[in-house]
Protein chains: 2
Amino acid sequence: MKKIINDPNTVVQDSLRGFAAAHADLVQVHYDPDFVTRVTPKTGKVGVISGGGSGHEPLHAGFVGTGMLDAAVPGAVFTSPTPDPILAATQAADSGAGVLHIVKNYTGDVLNFETAAELASAEGVEVRAVIVDDDVAVKDSLYTAGRRGVGGTVLLEKIVGSAAERGDDLLAVTELAERVNANVRSMGAALSSCTVPHAGKPTFELADNEIEIGIGIHGEPGRQRVNLVPADELVPMLLDPIVDDLPFASGDNVLLFVNGMGGTPLIELYLAYGIAEKQLADRGITVERRLVGNYITSLEMQGFSISVLKLDDELRELWDAPVNTPALRWGV
Amino acid sequence: MKKIINDPNTVVQDSLRGFAAAHADLVQVHYDPDFVTRVTPKTGKVGVISGGGSGHEPLHAGFVGTGMLDAAVPGAVFTSPTPDPILAATQAADSGAGVLHIVKNYTGDVLNFETAAELASAEGVEVRAVIVDDDVAVKDSLYTAGRRGVGGTVLLEKIVGSAAERGDDLLAVTELAERVNANVRSMGAALSSCTVPHAGKPTFELADNEIEIGIGIHGEPGRQRVNLVPADELVPMLLDPIVDDLPFASGDNVLLFVNGMGGTPLIELYLAYGIAEKQLADRGITVERRLVGNYITSLEMQGFSISVLKLDDELRELWDAPVNTPALRWGV
């Protein structure tokens, strides 16, 4: 295992210290329990928080800031945070208007966020939750009952965060979150595995010419393993199941998100983006907004995922609203 | 070779098509000859352009936009662009105030930019050039006489681009570029090799536990190969030669840039950043500005580089000035 780390057991905290130093203008990192808040909390609004295992950076801590999250809770690598830090983050994010939990659909995350919500409620904090389950690849998987939460989470955090920022109440923010989740679909492919620091060896093995279609963000099995194909054939192996699932139809306006898994060069992500946008156009689907880059990763995994979100006037307006976080910034 | 591409011979153009579609609000891509300009050129200012082999994305095309570059010239992967597209980009970037060429110090780039400058001069365009050579690792290397141009290029393009944007004339912009280059030092380390698409096999081989200290951005040999060490020991193997070279001294204010080579997870880059900032503080050097992420890459190489730029009031002000490009954006 080759990694730029000291001790596999302290990699998350060691990285958080650097993250805190690099973005002291935007975020504050709290330790023991570990969670991240805005450096200048905004009061009088719904608190929006998310969290989950580390190893998917910049998700979620990189999205803490104006117009997106109020707090994030990083667990150990690929491991849900326990209820304690989620509770602490929930309390920190509450200023009387309640808190929305954005939870990717993995069994541990769902359970621990639920427990934290109960504890917070007992302390007088009103908490609601949205479970993100946008991955069309598989139903029921390692770590998950139902579909997994993947790239759509990034889009949801931006849009819902901006709704909370403009002053929507907890019910409205929750309903919006459910609407975004209902209108986004995603799927990914891996060209290589990744190595969890405390495991010390690759999560799975792929042959020299083999790729995994429908990979999960922790390396969970997908739909099939196939030999590497040209990008023109690979992109529709992800895009077609996405389009057919919602289904997206001719005349739809969408946000197209091509996400890198962490080890894929930008030159390849842009190449895939170009193909995906063209193939959507061929179906009469118009890409109105786009995002290309490494936003929800799987450590150093090579691969990419595609997410498509059906837009309407409100979702587009909320997407365009100013955001000022370590990993997403515009309009400020 | 596993890559998300179609044909190794058209990977740059195929990627540029996706890049153009993804950032049509900011850039325009011209083909045959291939170069990238702002979608809305600004006239009455010095044109600032750069270029070089592809495979280092987002450098340089990702830095085209307000407050940074007017045009970029992507060559084939790890191969200098020929004089033709450099000439075309120079002419496109000229609105009467002259053009600055920002050239990383590689033999092919220097030669081809010089030839293009002569051709442009013959057409009546005043051209000056700055050669970036910030890599302290080695003197004279594969592809280079003298020191190589690496991470400092990103910082220089931002600062010099902002000076041109505020209306500095060609002489002032050129002198500023030389001042930035004189005050920045960089060094990198590789944990893995990378594979050039048309070569089809890794550029070099590293043993399972081996890393290369002082690696070049095309995989050129560095200073030494050593066994992997903890990050606390690895960071000073890059940082100490940087600090000792300028030299940086107690009381200095600096910009600290921790750059990923393309395949390194953000969790490791932040970890390295935290160590580097602390080690600079221990020497009495204050980090006033910082940048962490993948900005000058080597395809899917795992590794990172550190750049340190000595700041003064003017450089800090120009760094802070608004920038609106695909890869760097703030203040807008």
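What you see is a predicted model; the values in this text were computed from it and never measured. The chains referred to below are lettered A, B, ... by the order of the sequence lines, with proteins before strands, and numbering in each begins at 1.
The structure places CG of A/D7 at 10.5 Å from CG of B/D232, a figure rounded to the nearest 0.5 Å. Atom CD1 in A/I211 sits 8.0 Å away from atom NZ in B/K2 (nearest 0.5 Å).
Of all the heavy atoms in B/G18 and A/Y273, the pair that sits closest is O-CD2, 3.5 Å. Between B/A22 and A/V292, the shortest heavy-atom distance links the atoms CB-CG2, 3.9 Å.
When heavy atoms are compared at a cutoff of 4.5 Å, A/I275 approaches chain B solely by way of its side chain, counted from C-beta outward. Residue contact with chain B, scored on non-hydrogen atoms closer than 4.5 Å, is absent for A/V235. Interface remark: A/L228 contributes side-chain atoms only to the contact with chain B (heavy atom separation under 4.5 Å). Only the side chain of A/E277 comes within contact range of chain B, with at least one heavy atom under 4.5 Å from a heavy atom of that chain. Proximity to chain A (any heavy atom under 4.5 Å) is restricted, for B/M1, to the backbone atoms N, CA, C and O. For chain B, the nearby part of A/L234 is the side chain; its heavy atoms alone come within less than 4.5 Å.
When atom types are taken as modelled, the side chain of A/E268 and the backbone of B/I4 share a donor-acceptor pair closer than 3.5 angstrom. At least one donor-acceptor pair under 3.5 Å links the side chain of A/N6 to the backbone N or O of B/A231.
The most heavy-atom pairs under 4.5 Å with chain A, out of B/E210, B/E233, B/K278, B/M301, come from B/E210. Heavy-atom pairs under 4.5 Å with chain B were tallied for A/G274, A/G62, A/P230; the largest tally goes to A/P230. Contact count against chain A (heavy-atom pairs under 4.5 Å) is highest for B/L191 among B/D208, B/L256, B/L191. Note: B/P265 leads B/G262, B/A272, B/P326, B/P265 in heavy-atom pairs under 4.5 Å with chain A. Counting heavy-atom pairs closer than 4.5 Å to chain B, the top residue among A/D14, A/L266, A/V332 is A/V332. In terms of non-hydrogen atom pairs under 4.5 Å with chain A, the most contact-rich of B/K3, B/R17, B/Q13 is B/K3.
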Problem set entry | Derivation of the side chain to side chain contact (heavy atoms under 4.5 Å, CB included) call for B/Y270 and A/H23 | CA-CA 10 Å; B/Y270 278 121; A/H23 301 292; 2.6 Å; yes

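Annotation: A/E288, atom CD; neighbour count of heavy atoms from other residues, nucleotides and ligands within 6.0 Å is above 12.
Remark: of the listed residues A/L16, A/V11, A/T10, A/V11 is the sole one forming a side chain to side chain contact (heavy atoms under 4.5 Å, CB included) with B/L271.
At least one side-chain heavy atom of A/E300 sits less than 4.5 Å from a side-chain heavy atom of B/Q302.
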